[in-house]
A.B. asks: 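Can you keep this structure in mind? I'll have questions shortly.
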Amino acid sequence: KIVKKTRIFINGFGRIGRHCAKILSADESMQIIAINDLYPKEQMLHLYAHDSIYGDFDITTLKKVQFFTQENPENIPFEDLDIDILLQCSGVFLDQKSNEIYLQKGVKKVIISAPAIDDTPVFIPGVNEHTYQNQAILCASSCSANAIVPIASIIDTNLDISSLHVSMIHSYTADQNLLDVKHKTRDIRRIRSATQNILPLYSSASYAVSKVMPKLKDKITATSIRVPVSSCTLYDMSIKTKKNITTKELHKLFQNTKLDVIDTTHKNLVSSDFIANPFSAVVDLSFTKALDKNLIHINAWQDNEYAYAKRLISLAKHCS
């Protein structure tokens with residue numbers, strides 16, 4: 001019996017879009033039909049085949065894929081492509097209204113790979129994807145929310161969170177400047193060189209997390225501290241709880257969790273050791289402690305590109 005593969009369109013072939021394509025290339029239940037971005041196909045293929053962080057990849061996995069370089073979705077013949085799921089990795093179309101055009105042209109579902117700016121339903125794999133009710137447009141939130149929410153949900157379920165602060169020691173991103181130069185931003189620090197500075201930046205993580213965990217609204221703060229490394233993030237979390245716990249009990253919470261997107265480690269590792277790690281967060285138990293009965297400190301690692309792309313694909317599989 002021939003099983004119909006889920007037909008995927010990737011809109012936006014940047015860091016996340018390319019990771020998604022590589023993950024999909026090994027998934028026999030899904031097929032990339034087409035890719036769209038605003039830079040030349042030659043460059044798309046080159047960046048897919050050669051990555052300074054993740055190494056080389058077999059370019060022949062894209063040999064049957066159609067490529068478009070269209071800014072306006074109206075110019076893409078979706079009616080002829082029979083797309084089941086569009087992965088919205090452009091970073092541009094961040095609400096339901098701007099994504100409705102794809103549905104009108106025959107796409108069955110759209111998954112936004114960034115925090116939506118409206119009330120688009122948000123699903124964090126491993127936490128609340130079971131509440132999915134066949135919505136046509138949905139949001140996978142941000143890489144940081146996918147790391148923070150599973151950890152926070154474990155703590156809140158067992159200890160009842162009163163407040164949470166997270167500092168993300170975050171690798172620099174494509175939105176930052178290599179040198180000091182102008183930048184279209186609301187945070188003037190972004191005009192400074194990513195390779196020469198530690199940049200404390202505004203983070204939308206608190207907003208993104210509270211979309212999935214409403215009880216944390218006004219109880220969570222977050223800072224993204226960008227540092228001169230090319231990949232991976234360390235989440236440094238301080239959480240005040242209503243119930244008490246010991247360090248030993250805290251470790252057991254994470255080691256025994258049923259959330260398959262969370263892992264733990266006792267090893268003395270550094271950021272580069274987590275490149276291409278598939279987990280939403282890897283809790284570093286050596287830096288995870290109960291400081292004072294109801295005040296706990298957690299460190300967790302994430303490959304903010306690869307792990308997030310893995311969650312996008314798992315969400316697509318869940319919705320297909």
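Computed from a predicted model, the values in this text were never measured in an experiment.
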A.B. asks: Other residues, nucleotides and ligands only: do more than 12 of their heavy atoms fall within 6.0 Å of NZ on K240?
C.D. replies: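 Incorrect, the count does not exceed 12.
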A.B. asks: Has the side chain of R18 got a donor or acceptor atom that lies under 3.5 Å from a matching backbone atom of F13?
C.D. replies: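 The answer is yes, because a donor-acceptor pair under 3.5 Å joins these two groups.
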A.B. asks: Among the clusters formed by ILVMFWY side chains lying less than 4.5 Å apart, do I23 and F279 turn up in the same one?
C.D. replies: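 No, because I23 and F279 fall into different hydrophobic clusters, even though each may have its own neighbours under 4.5 Å.
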A.B. asks: Give a yes-or-no answer on whether the side chains of E129 and H318 include a donor-acceptor pair shorter than 3.5 Å.
C.D. replies: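 Looking only at side-chain atoms, H318 and E129 do not form any donor-acceptor pair under 3.5 Å.
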A.B. asks: Report the distance from atom CD1 of I225 to atom CG of L199, rounding to the nearest 0.5 Å.
C.D. replies: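 Result: 10.5 Å between the selected atoms.
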A.B. asks: Can you measure from NZ (K211) to SG (C139) and round to the nearest 0.5 angstrom?
C.D. replies: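 One finds 7.5 Å between NZ of K211 and SG of C139.
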A.B. asks: Take a 6.0 Å sphere around CZ of R190 and say whether it holds more than 12 heavy atoms from other residues, nucleotides or ligands.
C.D. replies: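 Counting neighbours around CZ of R190, more than 12 heavy atoms of other residues, nucleotides or ligands fall under 6.0 Å, so yes.
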A.B. asks: Quick one: do D84 and K109 make a salt bridge, cutoff under 4.0 Å?
C.D. replies: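 Result for this pair is no, no salt bridge flagged.
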A.B. asks: With a 4.0 Å cut-off on N to O distance, would you call K97 and D95 a salt bridge?
C.D. replies: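 Salt bridge: no.
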A.B. asks: Count the heavy atoms belonging to other residues, nucleotides or ligands that lie under 6.0 Å from CG of N268, then report whether that count exceeds 12.
C.D. replies: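 Atom CG in N268 is not crowded, with 12 or fewer foreign heavy atoms closer than 6.0 Å.
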A.B. asks: How about H50 and F57: are their ring centres within less than 6.0 Å of each other?
C.D. replies: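 No, the ring centres sit 6.0 Å or more apart.
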A.B. asks: Kindly work out whether a path of hydrophobic side-chain contacts (I/L/V/M/F/W/Y, heavy atoms less than 4.5 Å apart) joins V65 to I59.
C.D. replies: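 Same cluster: V65 reaches I59 through Ile, Leu, Val, Met, Phe, Trp or Tyr contacts under 4.5 Å.
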A.B. asks: Sub-3.5 Å donor-acceptor pair from the side chain of N256 to the main-chain atoms of L253, do we have one?
C.D. replies: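 Between the backbone of L253 and the side chain of N256 there is no qualifying donor-acceptor contact (under 3.5 Å).
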A.B. asks: Return yes when atom CD of Q255 has more than 12 non-hydrogen atoms of other residues, nucleotides or ligands closer than 6.0 Å, and no otherwise.
C.D. replies: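 Result for CD/Q255: enclosed.
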A.B. asks: Side chain of Q196, backbone of S193: donor and acceptor closer than 3.5 Å?
C.D. replies: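 No; judged by distance alone, with no hydrogens or angles, the pair does not exist.
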A.B. asks: Less than 4.5 Å apart, side chain to side chain, heavy atoms only: is that true for T233 and I169?
C.D. replies: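 Heavy-atom side-chain distance check fails, nothing below 4.5 Å.
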A.B. asks: Does a salt bridge link D51 with R15, judged by any charged N lying under 4.0 Å from a carboxylate O?
C.D. replies: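 Looking at D51 and R15, the cut-off is met.
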A.B. asks: Just by distance, do the side chain of N304 and the backbone of C143 share a donor-acceptor pair under 3.5 Å?
C.D. replies: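 Checked: no pair found.
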A.B. asks: Between K63 and D58, does at least one N-O distance fall below 4.0 Å, as a salt bridge requires?
C.D. replies: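 Salt bridge absent between K63 and D58.
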A.B. asks: Should L216 and I161 be marked as a side chain to side chain contact (heavy atoms under 4.5 Å, CB included) after you check the CA-CA gap, both sets of side-chain angles, and the distance that decides it?
C.D. replies: CA-CA 8 Å; L216 294 184; I161 293 176; 3.7 Å; yes
A.B. asks: Would you give the length of the straight line joining atom OH of Y235 to atom OG of S144, rounded to the nearest 0.5 angstrom?
C.D. replies: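 Rounded to the nearest 0.5 Å, the OH-OG separation comes out at 5.0 Å.
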A.B. asks: State whether a side-chain donor-acceptor pair under 3.5 Å links T61 with Y48.
C.D. replies: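 On atom types as modelled, these side chains qualify, holding a pair under 3.5 Å.
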A.B. asks: If you count heavy atoms of other groups shown closer than 6.0 angstrom to CG of L291, is the number above 12?
C.D. replies: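 Yes, because the 6.0 Å sphere around CG of L291 holds more than 12 heavy atoms from other groups.
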A.B. asks: Does a side chain donor of either T173 or D175 reach within less than 3.5 Å of an acceptor in the other side chain?
C.D. replies: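 The criterion, which ignores hydrogens and geometry beyond distance, is not satisfied for D175 and T173.
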A.B. asks: Measuring from I111:CD1 to R311:CZ, what's the distance to the nearest 0.5 Å?
C.D. replies: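 The CD1 atom of I111 sits 13.0 Å away from the CZ atom of R311.
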A.B. asks: Once rounded to the nearest 0.5 Å, what's the spacing between atom CG of D303 and atom CD1 of I275?
C.D. replies: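 Output value for this atom pair is 7.0 Å.
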A.B. asks: Judged by modelled atom types alone, do Q88 and N11 share a side-chain donor-acceptor pair under 3.5 Å?
C.D. replies: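 Indeed, the side chains of Q88 and N11 share at least one donor-acceptor pair under 3.5 Å.
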A.B. asks: Just checking, any donor-acceptor pair under 3.5 angstrom between side chains of Y172 and N177?
C.D. replies: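 No, because no side-chain N or O of Y172 sits under 3.5 Å from a partner of the opposite role on N177.
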A.B. asks: Regarding W301 and D284, is there a side-chain donor-to-acceptor distance under 3.5 Å anywhere?
C.D. replies: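 Distance-only check passes for W301 and D284.
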A.B. asks: Looking only at the side chains, is there a donor atom on one of K317 and S29 sitting less than 3.5 Å from an acceptor on the other?
C.D. replies: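 Yes, because at least one side-chain N or O of K317 sits under 3.5 Å from a partner of the opposite role on S29.
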A.B. asks: Would you give the length of the straight line joining atom CG of L62 to atom CD1 of I35, rounded to the nearest 0.5 angstrom?
C.D. replies: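 One gets 5.0 Å once the value is rounded to the nearest 0.5 Å.
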A.B. asks: Would you find a donor on one side and an acceptor on the other, under 3.5 Å apart, between the side chain of D187 and the backbone of Y202?
C.D. replies: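 Yes, the answer is positive, given that a donor and an acceptor are paired below the 3.5 Å cut-off.
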A.B. asks: Would you call I85 and T6 a side-chain contact if the rule is heavy atoms closer than 4.5 Å?
C.D. replies: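 I85 vs T6: side chains touch.
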A.B. asks: Using a distance-only test with no angle check, is there a side-chain donor-acceptor pair under 3.5 angstrom linking H165 and D236?
C.D. replies: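 No, no side-chain donor-acceptor contact under 3.5 Å.
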A.B. asks: Report the C-alpha separation of R192 and D180 in whole Å, then their side-chain angles, then the decisive distance to 0.1 Å, and conclude whether the salt bridge (Lys or Arg N to Asp or Glu O under 4.0 Å) test is met.
C.D. replies: CA-CA 4 Å; R192 304 299 298 278; D180 292 350; 3.3 Å; yes
A.B. asks: Does the ring center of F9 lie less than 6.0 Å from the ring center of Y102?
C.D. replies: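 Ring centroids of F9 and Y102 are no less than 6.0 Å from each other.
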A.B. asks: More than 12 heavy atoms of other residues, nucleotides or ligands under 6.0 Å from CZ of F287: yes or no?
C.D. replies: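 Not more than 12 within 6.0 Å, no.
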A.B. asks: Heavy-atom count check: over 12 atoms from other residues, nucleotides or ligands less than 6.0 Å from K293 NZ?
C.D. replies: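 Incorrect, the count does not exceed 12.
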A.B. asks: Does either side chain, that of S280 or that of Y308, offer a donor lying less than 3.5 Å from an acceptor on the other one?
C.D. replies: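 Note: S280 and Y308 side chains miss the donor-acceptor criterion.
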